[in-house]
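Single-structure report; data block below.
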Amino acid sequence: MAQYGLMNTTVRALISQVPDRVSLDGLETTWDQRWTANSTFSFDRTATREQVYSIDTPPPTASGSLHIGHVFSYTHTDVLARYKRMTGLEVFYPMGWDDNGLPTERRVQNYYGVRVDLTLPYDPDFTPPFEGTTKAIKAADQVPVSRRNFVELCERLTAEDEKQFEDLWRYLGLSVDWKQTYQTIDPNARAAAQRAFLRNLARGEAYQAEAPGLWDVTFQTAVAQAELESREYPGFFHKVAFLRPDGEKVWIETTRPELLGAVCALIAHPDDERYAGLFGTTVTDPLFGIEVPVLAHAAAEMDKGAGIAMCCTFGDQTDIQWWRELNLPTRSIIQRDGRLTRETPAWIADGPGAALYAEGLAGKTTFSARAAVVDALRACDAMDGEPVKTLRNTNFFEKGDKPLEIVTSRQWYISNGGRDEALRAALLKRGSELAWHPDFMRVRYENWVGGLHGDWLISRQRFFGVAIPVWYPVLPSGEVDHDHPIVPSEASLPVDPTSEAPAGFDEAQRGVPGGFVGEADVMDTWATSSLTPLIASGWERDEDLFARTYPMDLRPQAQDIIRTWLFSTVVRSHLELDTLPWTHAAISGFILDPDRKKMSKSKGNVVTPMGMLEQHSSDAVRYWAASARLGVDAALDEGVMKIGRRLAIKVLNASKFVLGIAGGQGAALELDPALVTEVLDRAMLAALADVVEAATAAFEKYDHTRALEVTETFFWMFCDNYVEFVKDRAYHGDEAERTSAVTALGIALDAVLRLFAPVLPFVTEEVWSWWREGSVHRAAWPEAAGLRDAAGDASGDVLAASSNALAALRKIKSEAKVSMKTPILSVELAVPADLMEAVRATQADLIATATVTGPLVLTEAPADAPRDSLGGITVVASKLGEPPVKPARK
RNA sequence: GGGCGCUUAGCUCAGUUGGUUAGAGCACUACGUUUACACCGUAGGGGUCAGGGGUUCGAGUCCCUUAGCGCCCACCA
């Protein structure tokens, strides 16, 4: 809860420890330690839901390194979190680590030089052969280990990674409650993922199906639509002849001649007159003697290739469609390892075709099989001309480097609206109920949900992940009965079906007739990540916490995982709790390198953040991040970090000055608005009230950039003009004049520190500690009303007018190329009528600040005089004195 | 092919419901050491607001159109 507000209370601040020399060095470590020691960011579990602002922090992928893009987007969240905390909300700001899944597996393989062999037993004394060698370990040199040993290594390595990540986040100043952490592989998360799955299963939302689907041959796992990436891939068109019974040739074009042995039909568009005579007849392939029908289907495109397509099981998604809709036979020849089947398929006729397959194709990769088929086609004159080079778009697994194949397998799915219009409509409605920042990101969600063409495939044939919590009976015949899965009780979660027996069975019954087998597949990492708001808020584990934090307020995340993380989270929350998981989504843009390319590991242009933080300071890097609006891609710009550093140092110096002029060490500073009596001081507070209003309104609209901008603009004006104006009065004025200036300076410093606190947590906290109790980050967000009261009827325009008059006088000296200390013996200013009163009212400060030693004459500027950048104030005549004599160098 | 965003000074970006002569910082130039700050201060130069058309008394802002850049989705014969 906020500790104090300026509104109706006079604050008496004791200035305790203003250093002689200020510095940014070491602030990160100092304040991280004190915040931890003081539990500054601990979540108060007594707060009610209305008093809580809860954040579904993205759990970073633990395997790998954080890059500057992470610093960028996590800063956006932290700035908002700190603002919300200061407005009096209790911020629930946990941190998770996404350590389950393929990235960890790959990292462990490379880091320790091991690979999983499911046949090996667990070795409790296993020591990895390599550890963190810098050179890549060849796959052939990797040592086979049991799954359990492998998982242990995963846990060991991610624990080390997570420690490093936490250190970086602390250094950056994330106001996370470090007592609220989770891992997506920890027992709570596994239990939550399995519980949610079992409930999906019980409601019929999770189901298994044996169907053709996208398959990565490198990782040997099924892949979901959301993990696809379309890439250009070089290929060749081959013109291949099929033979009619009378020997006449029908030419088709294909980029995948190696699939000739899997052909099921030739298909053309029903309106295509070229092939009208062929529909209903059969043709035979030139190599294997497979007789296939020529069929019509509207999905065939007349202007593609020859207009007649070779349909194989399965070359692409269209093949699946034709196979389904035309009831074609299944003739799969691609295996899960991406090679052609080792046995000659039954549908290939004995004879030369069978011999060709057995000798030239069996067990070959698609690449070498293609070459063999092309040679054979040439030899029997069934290929027209040379293959024609083409660049085609092909689906890849986003983490893979070989084109996906289509393989038939038994997999688990969860409904996501891809096959159910009512559910799709409900999920689109959820998207429309969510407040998106920026709003246009909603469209990406709508595009994605609108374009789904299947349910969410959640099973993966991998090792390090959350197990799918089911077993299957083994029938007396020895066959596995997949249709009647055995499920565990929720109380027993998490379970590992590959090492635990289901209730009512014992381990000896594993794999034997009458016994059971465990599901070996694990869940896709998104099946767990989609539950982060539930995992973090204690769903079914800590109902008290859950009631205080869920549905959450904010999902901050990157734009590229709207279709995965954001969408899947909406799906799970909708199915499980019939609600949105959060009310706001804040989408950060990408970081572009100086060549305006997206920064990513695969491009090798990643900048590691710690060096940047150490070089420029965390506040400076945060300033850079906070200068970019949500949803907008930003350039990595060290120039902006330098500006941030300059600002942070300026905050230290200006604060040192204000507190020094207030009496310095040991003095008491009364922040009593009634003591502010001078017009200029009140005008400054009025301007500050405007800034507080603007910054607050901006933050409420999730526009941290605008909030920073108005604060920063005010602060520089405050330093350059206001502070200069009041120096003379503060040093040499009478008691009332001096008190007015000092009090106004104190009130302004107090508000400015709080306005900057979300973006510059370290310097503001450092300065706060010089004269205030507690943490600035638990202080109340400034309110305009109190400042307005102090300002009385003064307007911020008065300060602007006098600042312009001051600039006009400075210009005289600057153009004369003399020191600012040079006295002005006499000067006449032309002032527009509407500014005259303001300039007149503050002319004493003006005269002192600009060292006007003689008459200052103000005349009214003509009504039609142009308004330049100084508001129309111009110098009519002036006379400068002698520049002061430079003091002798000491 | 469909969609979203962007294009303003050499660079990075503001520019609110259309309203005086389009702003800031960096960089650049000149000057200046001033009882907070040289990691400083003061002042200055620098822009056909991507191109074209339209609406309007008035357009950086609204509409149409063209081009370029980035991204999302679709496209695999």
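FYI, side chains are in, hydrogens and waters are out, and symmetry mates aren't considered; it's all heavy atoms of this structure.
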Can you tell me how far C1' in B/rC75 sits from the matching atom in B/rG15, rounded to whole Å?
-> 40 Å

Nearest-Å distance once atom C1' is located in both B/rC49 and B/rA9 = 10 Å

A/Asp703 CG to B/rC13 P, straight-line distance once rounded to whole Å | 16 Å

May I ask you to check if A/Arg646 and A/Trp716 form a cation-pi contact, with NZ or CZ under 6.0 angstrom from the six-membered ring centre and within 45° of the axis?
-> yes

Between atom CG in A/Leu652 and atom P in B/rC37, what is the gap in whole Å?
-> 13 Å

Expressed as a whole number of Å, how far does the C1' atom of B/rU33 sit from that of B/rU42?
-> 12 Å

Tell me whether the OP1 or OP2 atom of B/rA36 has a side-chain N or O from A/Lys727 closer than 4.0 Å.
-> yes

With a non-hydrogen cut-off below 4.0 angstrom, is A/Lys821 in contact with a base, only sugar-phosphate, or nothing?
-> sugar-phosphate

To the nearest Å, how far apart are A/Arg442 CZ and B/rC72 P?
-> 20 Å

Quick one: label A/His732 by what it contacts on the DNA or RNA (base, sugar-phosphate, nothing), any heavy atom closer than 4.0 Å.
-> base

If you check every side-chain atom of A/Trp716, which of B/rG41, B/rU12, B/rC76 has the closest atom?
-> B/rG41

Using whole Å, report how far CZ of A/Arg231 lies from P of B/rC73.
-> 13 Å

Do A/Lys402 and A/Thr366 have side-chain N/O donor and acceptor atoms under 3.5 Å apart?
-> no

Confirm from the modelled atom types if A/Ser230 and B/rC75 form a donor-acceptor pair under 3.5 Å, side chain to base only.
-> yes

Atom pairs under 3.5 Å: protein N/O with N/O of nucleotides 44-47 of chain B:
from   : atom 1 : to       : atom 2 : distance (Å)
B/rG44 : OP1    : A/Lys811 : NZ     : 3.3

Looking for any heavy atom pair under 4.0 Å, which part of the strands does A/Ser627 touch: base, sugar-phosphate only, or nothing?
-> nothing

Toward the 5' end of RNA chain B, which comes first, A/Lys656 or A/Thr318, by nearest nucleotide?
-> A/Lys656

Does A/Lys389 count as lying over the ring of A/Phe237, i.e. NZ or CZ under 6.0 Å from the six-ring centre, within 45 degrees of the axis?
-> no

Tell me, with the steps shown, if A/Leu228 and A/Leu214 meet side chain to side chain contact (heavy atoms under 4.5 Å, CB included).
-> CA-CA 9 Å; A/Leu228 299 186; A/Leu214 293 162; 3.6 Å; yes

Between B/rG54 and B/rA59 - P atom distance, rounded Å | 12 Å

Using both distances under 3.5 Å as the test, list the Watson-Crick or G-U wobble partner of B/rC4, or none.
-> B/rG70

B/rA30 and B/rG23: how far apart are their P atoms, nearest whole angstrom?
-> 25 Å

Shortest side-chain distance from A/Met820, nucleotide among B/rA14, B/rU34, B/rA36 | B/rU34

Should A/Thr822 and A/Lys817 be marked as a side chain to side chain donor-acceptor pair (under 3.5 Å) after you check the CA-CA gap, both sets of side-chain angles, and the distance that decides it?
-> CA-CA 10 Å; A/Thr822 308; A/Lys817 302 191 174 186; over 6 Å; no

dist A/Trp251:CH2 -> A/Leu266:CG (nearest 0.5 Å) comes out at 13.0 Å

Who is the Watson-Crick or G-U wobble partner of B/rA59, with both distances under 3.5 Å?
-> none

Which nucleotide in the set B/rC76, B/rC39, B/rC71 lies at the smallest distance from any side-chain heavy atom of A/Gln559?
-> B/rC71

Side-chain contact test, heavy atoms from C-beta onward, threshold under 4.5 Å: evaluate it for A/Leu24 versus A/Ile649 and give yes or no.
-> yes

Only one of A/Ile252, A/Val250, A/Val374 passes side chain to side chain contact (heavy atoms under 4.5 Å, CB included) with A/Val240, and that residue is A/Ile252

Using whole Å, report how far NZ of A/Lys817 lies from P of B/rC31.
-> 5 Å

Nucleotide paired to B/rA24 in any strand shown, Watson-Crick or G-U, under 3.5 Å | B/rU12

A/Tyr233 six-ring centre to A/Arg392 NZ/CZ under 6.0 Å and within 45° of normal | no

Tell whether A/Asn393 reaches the base of B/rC75 with its side chain through a donor-acceptor pair below 3.5 angstrom.
-> yes

A/Phe72 and A/Trp624: aromatic ring centres closer than 6.0 Å?
-> yes

Which atoms of nucleotides 4-9 of chain B (N or O only) lie under 3.5 Å from a protein N or O atom, and what are those distances?
none

Rounded to the nearest Å, what distance is computed from the CD1 atom of residue A/Ile824 to the C1' atom of nucleotide B/rA43?
-> 14 Å

Ring centroid separation for A/His269 and A/His297, is it under 6.0 angstrom?
-> no

Have a look at A/Arg646 and say if it touches a base, only the backbone sugar-phosphate, or nothing, with a 4.0 Å heavy-atom cut-off.
-> sugar-phosphate

Mutual orientation of the aromatic rings belonging to A/Tyr445 and A/Phe567 [parallel < 30°, tilted 30-60°, perpendicular > 60°] | perpendicular

Rounded to the nearest Å, what distance is computed from the CD atom of residue A/Glu724 to the P atom of nucleotide B/rG41?
-> 10 Å

Distance between C1' atoms of B/rU48 and B/rU8 (Å, rounded) = 12 Å

Heavy atoms under 4.0 Å, any strand shown: does A/Ala628 hit a base, just sugar-phosphate, or nothing?
-> nothing

Given A/Leu749 and A/Trp771, is the side chain to side chain contact (heavy atoms under 4.5 Å, CB included) satisfied, shown in steps?
-> CA-CA 11 Å; A/Leu749 178 64; A/Trp771 64 307; 3.7 Å; yes

Considering only heavy atoms, which members of residues 254-263 of chain A lie under 4.0 Å from some atom of RNA chain B?
-> A/Thr254, A/Thr255

Would you mind telling me which residue lines up with the more 5' stretch of RNA chain B, A/Asn653 or A/Leu870, judged by nearest nucleotide?
-> A/Asn653

Side chain to side chain contact (heavy atoms under 4.5 Å, CB included) evaluation trace for A/Leu328 with A/Cys311 = CA-CA 9 Å; A/Leu328 300 175; A/Cys311 175; 3.7 Å; yes

With the side chain of A/Arg706 defined as its heavy atoms from C-beta on, choose the nearest nucleotide among B/rC39, B/rU16, B/rA74.
-> B/rU16

Using the C1' atom in both, what is the distance from B/rG45 to B/rG68, to the nearest Å?
-> 30 Å

Determine the interatomic distance between C1' on B/rG41 and the same-named atom on B/rU35; round to the nearest Å.
-> 15 Å

Distance below 4.0 Å between A/Tyr623 side-chain N/O and B/rG25 OP1 or OP2 = no

Taking CG from A/Leu228 and P from B/rC72, how many angstroms apart are they, rounded to a whole number?
-> 13 Å

Could you walk me through whether A/Ile320 and A/Ile406 pass side chain to side chain contact (heavy atoms under 4.5 Å, CB included), step by step?
-> CA-CA 9 Å; A/Ile320 299 179; A/Ile406 293 171; 3.8 Å; yes

May I ask which nucleotide in the shown strands pairs with B/rC40, Watson-Crick or G-U wobble, both distances under 3.5 Å?
-> B/rG32

